[in-house]
Structure formats: structure tokens, C-alpha cells
Q: 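There's a structure below that I have some questions on.
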Amino acid sequence: MKDLTSFTVSVLRELEDEGRFSTAHVYRSTLRSFSRYWAEENDGNSIPLRETFTPASLERFERHLQSHLLKLNTQPTYLRMLRALYYRALRMGLVGYVPGLFDRVYTGTRSDVKRALPPVGMGRILEADVSACRELEEVQVWFALLFLLRGMPFADLARLRKCDLQGSEITYCRRKTGKTLTVRLTPDAATLIRCCADRHPDSPYLLDILWHDAAPRQASIGSREEYLHYCRVLRSFNRRLKLLAQRLNIKEPLSSYTARHTWATTAYHRKCATGIISQALGHSSVKVTETYLKPFADEEMDKTNRKIIHYVKASVVRIGMKK
């Protein structure tokens, strides 16, 4: 347990016993990346915990990640996972307290990547007729529901249960935060739910996303088998969203996150309060919502800056004309 690998494996078992397979996946990816870094820097395969959690080791790991040109948020994600492992090990007395251990590495969430569609793009998806292609029609319905149900995450949409729908309301528990949310259906959402409802009597699911001929039907909700099947469905969904974007001539990249970000940023541009947007999305805090909205807040400030510059330059012209 004084080795990073064995300690992380014990954490992985604990997470998977709790059904937190997605979190376990991120921890596993972090361990894999840190092990590659350690093999390049040191002899032997053992990674002592006390040597892992030093400011110098973490800074070298960050430089290693930067040299591999990872995606924008991957580097801080791995460092946050290491920080979580450090606090677990600290509570267990496996490592000592190191003041400011993570102060010199970046563990924040970068928010300068826009994932939202402009209103016209979202409107095009909602209104397009792709009924001639069953494959695209299905993902169009799923994507539309993600938006119409207040930016619901795909992980929650896919796992909605029949008992979650009562009359014209859906009440569900967010997988990521554990918050209970209630969404009142709009007429459009109700129509789409009827369109893709799971009508198999043995299926617990509301929608025909996870329960079909290719699904491991013996897998219970929250099991590892269900998680692995969900991952396959998610990859297929994202792949087909790219085809839908091509069909509708949408230039912005589409993914399972796009509808959620689009709902949030559209609400922001319509002057909805950040607190209301945060509650609607089921975020753990307003800070998370601000991360969604920061690129668009910056865009508004840049627009204001251009207006001010234009006003100042125009004032010089006006004065010249008076002379």
C-alpha cells in the first residue's frame, strides 16, 4: 500500500464496488499516464507514495504531460486525480502532510473551449427531417431530448427509468452529483419520449437507448456490464452525431455534451441568472456553471471592448468635423 500502483488499485476496487465506474476509469487513466512518466524518469517499476507526492515530482509530471500535447483539460484532470489520491493516502497515514504540495501545478478547469451551438444551429437540429435515415433520426431524437430536458446529461437520459416519469414530470437523480431534479415536459419533449419509449415489458428503462437486441439484458442498472455497454452506446452516439452534423451542414462539432452546453449558454444570453442555470443543470455549485459560461462572458467583454474603441475613435472624427 506504500506503492502508488497497489494503492490506486485498492481505490479502483472501492470505486467499482460503489458502482462509480466512470470515476474509476479516470483514476486508471491517471495511473497509466503517471506510470509511463515514472518509467522514463526512474529505474524500476515501483512508484513509492512518498516519492510520488513531492512538489518536484508533480512539476516534472506536469511537464511530461505538456510535452505529450494532451487535450486542454486532460493535464489538470490527471493532477486533480493525483491530488484526490494524496488526500486518501494522507487520511490513511500512508504519507505525511506536505504544505502547498499542489500549489505549483495547474489543477483548475480550463473553460476557453466552446462546446455550444448558436441558436440557429440548435434550431436546425430540432426541426430537421432526417426520417429517411433511421440511424440519424434516432440520434436526432436523443440529442433533441438532451436539450429539451433542460440540458440533461446523456448518462442520465440513457438511464431514465419508467418509474421516473409521473404524468408530465420526470424526476431523476443525477449520477454525477446525486442531486434529485424534476423536469416538466414540454409538448415537444413528450412527443419525442413517446417516439423512442422502451416498450419491452422486462426493461426498467424509459427510453430505448440501452435495452435492445445488442444489449446484455442480464446486466442490472449500475453494474459493470451496464457501464461497459453504456460506453459502447455513447461512442456510437458521438460517431453518429458527426454524421448528423455533416447532413445538416453544421460546422460546429457535435458531441453528447453539446446540447447541455447549448442550453446553458442560450439561457445565459437570454439574461437568466447564473444561480437559476446552475439549479436547472443540477450542478454541485455555481462555480461549475461559471466554468460553462466563462467563454461566453469573455465574448461579451470583447464585444464591449470593441464598442468602446469604436466610440472613442468616432468621437475624434466628430471633433474634427466640428473644427
Side-chain angles (χ1 to χ4, degrees), residues 115-172 174-175 181-215 217 221 226 229-267 280-282:
R115 294 181 174 182
L117 289 173
V120 64
M122 191 68 229
R124 194 180 303 159
I125 293 176
L126 293 177
E127 299 298 329
D129 181 4
V130 292
S131 56
C133 178
R134 170 63 183 163
E135 187 179 41
L136 294 186
E137 184 181 31
E138 185 175 63
V139 296
Q140 179 197 29
V141 169
W142 296 355
F143 190 83
L145 280 172
L146 294 176
F147 180 79
L148 296 173
L149 297 177
R150 249 171 35 201
M152 183 181 289
F154 187 65
D156 293 332
L157 181 78
R159 294 181 174 93
L160 286 176
R161 300 166 302 166
K162 291 172 180 173
C163 60
D164 292 336
L165 176 61
Q166 298 293 330
S168 61
E169 290 184 343
I170 288 177
T171 300
Y172 70 102
R174 273 213 64 200
R175 293 182 62 81
L181 300 179
T182 297
V183 182
R184 184 174 292 277
L185 300 182
T186 64
D188 287 346
T191 298
L192 293 181
I193 286 174
R194 287 193 295 271
C195 173
C196 65
D198 190 330
R199 293 178 174 82
H200 195 286
D202 295 330
S203 171
Y205 299 110
L206 175 66
L207 304 176
D208 187 20
I209 297 177
L210 294 182
W211 188 277
H212 50 73
D213 292 340
R217 294 190 174 179
I221 293 179
E226 186 227 36
H229 177 60
Y230 165 77
C231 289
R232 290 191 290 271
V233 172
L234 176 62
R235 286 193 293 271
S236 173
F237 180 44
N238 282 321
R239 176 184 58 80
R240 289 186 287 165
L241 279 175
K242 291 180 175 62
L243 298 177
L244 180 65
Q246 292 171 9
R247 172 70 67 89
L248 301 182
N249 197 29
I250 292 173
K251 304 303 181 184
E252 294 82 4
L254 291 186
S255 77
S256 60
Y257 287 102
T258 307
R260 183 167 173 80
H261 282 258
T262 300
W263 192 95
T265 52
T266 304
L281 296 174

Q: Out of Leu207, Leu160, Leu185, Asp188, which residue meets the side chain to side chain contact (heavy atoms under 4.5 Å, CB included) rule with Leu145?
A: Leu207

Q: Checking side-chain contact (heavy atoms from CB on, under 4.5 Å) for the pair Arg150/Arg260: CA distance, chi angles, key distance, verdict?
A: CA-CA 7 Å; Arg150 249 171 35 201; Arg260 183 167 173 80; over 6 Å; no

Q: Run the side-chain contact (heavy atoms from CB on, under 4.5 Å) check on Met152 and Tyr172 step by step: do they pass?
A: CA-CA 10 Å; Met152 183 181 289; Tyr172 70 102; 3.3 Å; yes

Q: Taking the six-membered ring for Trp, are Phe154 and Phe237 parallel (under 30°), tilted (30 to 60°) or perpendicular (over 60°)?
A: parallel

Q: As an exercise, state the distance from OG1 of Thr258 to CG of Asn238, rounded to the nearest 0.5 Å.
A: 8.0 Å

Q: Under 3.5 Å, is there a donor on one side chain and an acceptor on the other for Asp129 and Ser131?
A: yes

Q: Looking at Tyr230, is Arg159 sitting on its ring face, NZ or CZ under 6.0 Å from the six-membered ring centre and within 45 degrees of the normal?
A: yes

Q: Salt bridge between Arg247 and Glu135, side-chain N to carboxylate O under 4.0 Å?
A: no

Q: Can you name the nearest heavy-atom pair linking Leu281 to Gly151, along with the distance?
A: CD2-O, 4.2 Å

Q: With rounding to the nearest 0.5 angstrom, report the CG to NZ distance, Leu117 to Lys251.
A: 13.5 Å

Q: Show the numbers, then the answer: is there a side-chain contact (heavy atoms from CB on, under 4.5 Å) between Leu210 and Glu226?
A: CA-CA 8 Å; Leu210 294 182; Glu226 186 227 36; 4.1 Å; yes

Q: Taking C-beta and beyond as the side chain, do Leu206 and Ile170 meet within less than 4.5 Å on heavy atoms?
A: yes

Q: Measure the CD-CD1 distance between Gln140 and Ile125 for me, rounded to the nearest 0.5 Å.
A: 8.0 Å

Q: Considering all heavy atoms of both residues, which atom of Ala259 and which atom of Leu146 are nearest to each other, and what is their separation?
A: CB-CB, 3.6 Å

Q: Do the side chains of Lys162 and Pro204 get nearer than 4.5 Å, heavy atoms only?
A: no

Q: How long is the gap from OG1 on Thr262 to CZ on Phe147, to the nearest 0.5 Å?
A: 7.0 Å

Q: Between Arg240 and Leu136, is there a donor-acceptor pair closer than 3.5 Å when you use the side chain of the first and the backbone of the second?
A: no

Q: Looking at Tyr205 and Ala158, what are the two nearest heavy atoms and their distance?
A: CD2-O, 3.7 Å

Q: Within a strict 4.5 Å, meaning less than it, do heavy atoms of the Glu138 and Arg134 side chains meet?
A: yes

Q: Would you call Asp156 and Arg175 a salt bridge, taking side-chain N to carboxylate O under 4.0 Å as the test?
A: no

Q: Of all the heavy-atom pairs spanning Leu181 and Gly282, show the shortest one and how long it is.
A: CD1-CA, 3.7 Å

Q: Kindly check if the number of other-residue, nucleotide or ligand heavy atoms within 6.0 Å of CZ (Arg124) is above 12?
A: yes

Q: Say you draw a straight line from CG of Asp198 to CD1 of Ile209; how long is it, rounded to the nearest 0.5 Å?
A: 9.5 Å

Q: Determine the minimum heavy-atom distance between Leu234 and Ser256, stating which atoms define it.
A: CD1-OG, 3.6 Å

Q: Indicate yes or no: at least one non-hydrogen side-chain atom of Leu192 is less than 4.5 angstrom from one of Trp142.
A: no

Q: How many angstroms lie between OG in Ser255 and NE2 in His261, if you round to the nearest 0.5 Å?
A: 7.5 Å

